[in-house]
There are 2 protein chains.
Amino acid sequence: MGDKPTSKSVTVFDVAREAGVSKSTVSLVLTQSDKVSDKAKLKVEKAIEKTGYVYNRDAASLRSRRSNLVAIVINDLTNPYSAQLAVGLEAQIRKMGMFSMLVNSAESVETQTQLVKNLKEYNVAAFIICPAPGTTSDWMNKLVDQGFPVVNIMREISGAKVATVLPDNFTGTKLATEHLLAKGYKKLAFIGGLESISDYHQRLSGFTEAMVLADKSVAKKLCIQSETNRNGGRNAMLEVLDVEPDIEAIVCFNDVIAYGAVEQMRASGKIPGKDIAVVGFDDLEDSKLMSPSLSTVHVDANKIGIAVCQILSNIKDGNRNKILVGVDLIERETS
Amino acid sequence: MGDKPTSKSVTVFDVAREAGVSKSTVSLVLTQSDKVSDKAKLKVEKAIEKTGYVYNRDAASLRSRRSNLVAIVINDLTNPYSAQLAVGLEAQIRKMGMFSMLVNSAESVETQTQLVKNLKEYNVAAFIICPAPGTTSDWMNKLVDQGFPVVNIMREISGAKVATVLPDNFTGTKLATEHLLAKGYKKLAFIGGLESISDYHQRLSGFTEAMVLADKSVAKKLCIQSETNRNGGRNAMLEVLDVEPDIEAIVCFNDVIAYGAVEQMRASGKIPGKDIAVVGFDDLEDSKLMSPSLSTVHVDANKIGIAVCQILSNIKDGNRNKILVGVDLIERETS
DNA sequence: GGAATTTATTGGAACGTTCCAACATTAAAA
DNA sequence: TTTTAATGTTGGAACGTTCCAATAAATTCC
């Protein structure tokens with residue numbers, strides 16, 4: 001463990017000898033400099049091939065004080081949307097010519113702190129962080145002040161002076177709610193999520209806004225918080241049915257909540273999409289495949305990746321922008 | 001992008017000066033050597049704290065030719081079991097005092113090849129690979145021959161001379177099938193999976209073995225391959241119902257297939273767990289939470305992580321063991 | 001065609017750590 | 001006490017790259 005192939009490794013010097021140039025020229029080729037002649041470049045490339053040279057990024061990064069390693073710190077990889085997001089980010093970062101490494105904080109601030117501490121030792125070029133609950137603005141600001149480029153995603157941290165990329169939560173639930181109202185549903189509820197999560201308020205506001213614009217009152221009793229898992233969705237749905245047996249449509253905090261809600265409807269003898277309409281948020285892969293397929297607010301992970309990369313490419317100006325990534329309503333069978 | 005805090009960084013020399021010892025002593029403390037006095041160690045630790053020193057692993061790894069970076073190359077992070085697995089691996093590796101970085105090949109051999117090439121440049125200590133379909137034994141053997149410690153997981157690659165950790169697929173489906181037979185179900189089917197995947201054969205064999213031991217014949221028509229997603233499960237279930245309308249129990253290639261099968265049963269007017277029993281494989285988080293909860297074969301991601309770490313810790317002997325990780329049948333409401 | 005300029009190439013120093021052999025100190029054995 | 005051994009500490013060299021200033025070669029200008 002921790003051991004490495006001990007055979008003497010091939011270095012720029014070996015390549016240089018093989019190519020009949022100096023080590024410096026080899027280095028210029030490796031760093032894709034344009035001030036090297038095509039002839040020399042070709043010779044070097046041949047020599048690299050022949051010698052089986054592999055670039056040593058440790059040495060490069062030590063000397064140049066630069067790195068193309070971007071760390072993605074994800075709050076919970078077992079959460080399907082997070083996984084989708086991570087993959088989207090990875091793809092965009094790779095397109096930028098950078099290399100990303102993914103680590104999982106498992107929703108623990110302690111783990112997150114430890115991970116970031118370690119990642120600093122690896123000389124990462126930037127941090128993309130989907131923060132664990134309880135992350136303080138102090139901690140984040142310290143990271144930024146130390147000079148690390150940081151992009152915060154998905155969850156806002158109030159007081160943190162850091163660039164942030166979020167889905168447009170407000171618009172998402174507003175669209176969803178308007179859609180249900182337009183379909184003629186009169187009695188709506190909003191279920192799932194906890195007010196300790198920053199996006200809860202944004203999503204609830206979207207719902208409220210649409211209701212108010214349609215001259216509907218929003219009953220507190222029909223805005224039911226819950227754990228953001230299937231069980232939470234089931235329990236919240238049960239409560240809704242208890243408070244208002246004739247409920248007609250449900251706006252869910254996210255798709256997982258919607259899955260639970262759909263299950264509970266069935267258990268309570270209601271047919272989802274027929275007796276009660278449902279709209280989710282996230283557009284997980286299952287939402288399209290399940291039956292009935294789930295209407296939901298699509299949040300494109302690639303778009304988030306693109307926005308993050310945009311910030312990353314000119315973060316030197318101490319970019320503290322907030323980017324709201326556009327969302328799309330996908331109408332399917334449950335509405 | 002690619003830029004780093006340009007401020008002159010704190011080095012071992014600064015720490016040494018602050019602590020009143022030599023840089024070598026500082027280094028000994030950093031590497032947790034036992035040949036440094038407690039007094040000196042304490043002074044150094046204080047100085048590290050005071051100066052805000054951060055260890056430079058690039059320099060360390062360059063000089064020592066060692067690394068504690070383990071790369072985990074996962075075939076598809078959006079697959080819920082893969083994500084669970086990645087998290088389990090990560091946890092165990094961290095317990096070993098190593099640091100893991102996760103990358104996603106997205107089931108593409110090309111991406112996988114590119115990723116591994118890059119990771120070599122980062123001087124990783126070992127590779128844990130869940131190979132993309134189409135991965136050749138030649139490629140894997142070359143990696144091993146280059147001296148990199150490699151552990152192959154989940155999918156066997158025939159001809160590859162590499163240590164491998166797999167769930168005990170055979171025993172898993174055998175247990176599942178025996179369980180259904182013991183419950184008195186007579187007409188069983190096996191659905192899902194494609195024979196191009198290595199674990200398909202193992203799981204199917206487990207089913208067949210249990211059937212044969214119980215003096216049942218296995219009808220080819222009731223072993224139906226399909227894409228390993230929800231749709232695949234639905235289609236396979238539809239086909240089963242077509243071939244044998246009185247089917248009593250289904251052994252599924254994995255949980256996702258089971259989810260699809262359950263949906264199709266409902267759509268076809270059958271009640272899962274009552275009219276038709278179902279057993280899955282993997283034990284995803286949803287399987288416990290869904291309704292009715294899914295009986296399934298539990299594959300503990302942490303156990304796989306432990307087995308991988310075992311191999312990793314004495315891989316120097318050119319370990320080519322195959323470890324079959326034990327599985328457990330979890331009986332729930334669908335059987 | 002020679003001077004001025006641009007373009008390519010080069011060797012030496014530096015990045016921050018660990019290794020190593022030499023030294024200094026302390027403890028144990030004689 | 002002296003000798004031997006064990007223990008702790010140290011400065012210099014090395015890891016493989018990029019940076020830099022200097023040189024060499026090719027091109028342009030008058």
Side-chain angles (χ1 to χ4, degrees), chain A residues 2-45 47-48 51-69 118 120-123 125, chain B residues 2-44 47-48 51-69 120-123 125:
Chain A
D3 292 315
K4 274 290 306 172
T6 175
S7 58
K8 200 132 191 63
S9 54
V10 180
T11 76
V12 275
F13 288 94
D14 302 304
V15 175
R17 191 175 330 112
E18 179 68 34
V21 298
S22 79
K23 63 169 198 347
S24 303
T25 303
V26 176
S27 173
L28 289 172
V29 173
L30 290 171
T31 51
Q32 326 215 22
S33 164
D34 53 349
K35 33 180 64 187
V36 65
S37 69
D38 289 353
K39 200 171 56 178
K41 190 170 163 189
L42 209 75
K43 283 194 289 183
V44 170
E45 276 162 354
I48 287 177
T51 53
Y53 168 78
V54 354
Y55 188 54
N56 186 329
R57 289 202 189 261
D58 286 331
S61 147
L62 170 59
R63 170 61 225 205
S64 70
R65 302 169 135 293
R66 261 179 281 111
S67 142
N68 69 158
L69 237 191
N118 282 319
K120 284 182 198 167
E121 302 180 347
Y122 284 106
N123 185 26
Chain B
D3 291 313
K4 273 289 305 174
T6 176
S7 57
K8 201 136 190 62
S9 54
V10 180
T11 76
V12 276
F13 288 94
D14 302 303
V15 175
R17 189 176 329 110
E18 178 69 32
V21 298
S22 78
K23 68 178 196 334
S24 303
T25 303
V26 175
S27 172
L28 289 172
V29 173
L30 290 171
T31 52
Q32 325 216 21
S33 163
D34 53 349
K35 32 181 65 186
V36 65
S37 69
D38 290 352
K39 202 172 54 177
K41 191 170 163 188
L42 209 75
K43 281 195 290 183
V44 169
I48 287 177
T51 54
Y53 169 78
V54 354
Y55 189 54
N56 186 330
R57 287 199 191 263
D58 286 332
S61 147
L62 169 60
R63 168 64 222 200
S64 71
R65 304 173 132 292
R66 262 180 279 111
S67 142
N68 69 159
L69 236 192
K120 283 182 197 167
E121 302 180 345
Y122 283 106
N123 184 25

Residue pairs passing the salt bridge (Lys or Arg N to Asp or Glu O under 4.0 Å) test with at least one member in residues 9-20 of chain A, sequence neighbours excluded, are Asp14(A)-Arg17(A), Glu18(A)-Lys50(A)
Residues in residues 29-40 of chain B with a heavy atom under 4.0 Å of DNA chain C, by number, are Thr31(B)
Under a 4.0 Å heavy-atom cutoff, the residues of residues 13-28 of chain A touching DNA chain D are Phe13(A), Lys23(A), Ser24(A), Ser27(A)
May I ask you to test the Leu30(B)-Ile48(B) pair for a side-chain heavy-atom distance under 4.5 Å?
-> yes
message = Measuring only between side-chain heavy atoms, which start at C-beta, is Val26(A) closer than 4.5 Å to Phe13(A)?
response = no
Side chain to side chain donor-acceptor pair (under 3.5 Å) pairs touching residues 20-32 of chain B, sequence neighbours excluded, are Ser22(B)-Thr25(B)
Rounding to 0.5 Å, atoms OG (Ser64(A)) and CZ (Arg57(A)) come to a distance of 10.0 Å
message = When you compare the side chains of Asn123(B) and Ser67(B), does any donor N or O come within less than 3.5 Å of an acceptor on the partner?
response = no
OG (Ser33(A)) and NZ (Lys41(A)) are apart, to the nearest 0.5 Å, by 9.5 Å
Does the side chain of Leu69(A) come within less than 4.5 Å of Tyr122(B)'s, by heavy atoms? yes
Value for CZ (Arg65(A)) from CG (Asn56(B)), rounded to nearest 0.5 Å, stands at 8.5 Å
Contact span of DNA chain D against chain A, any nucleotide atom under 4.0 Å from a heavy atom, 5' to 3', runs dC15(D) to dC19(D)
Here the salt bridge (Lys or Arg N to Asp or Glu O under 4.0 Å) pairs for residues 24-40 of chain A, sequence neighbours left out, are none
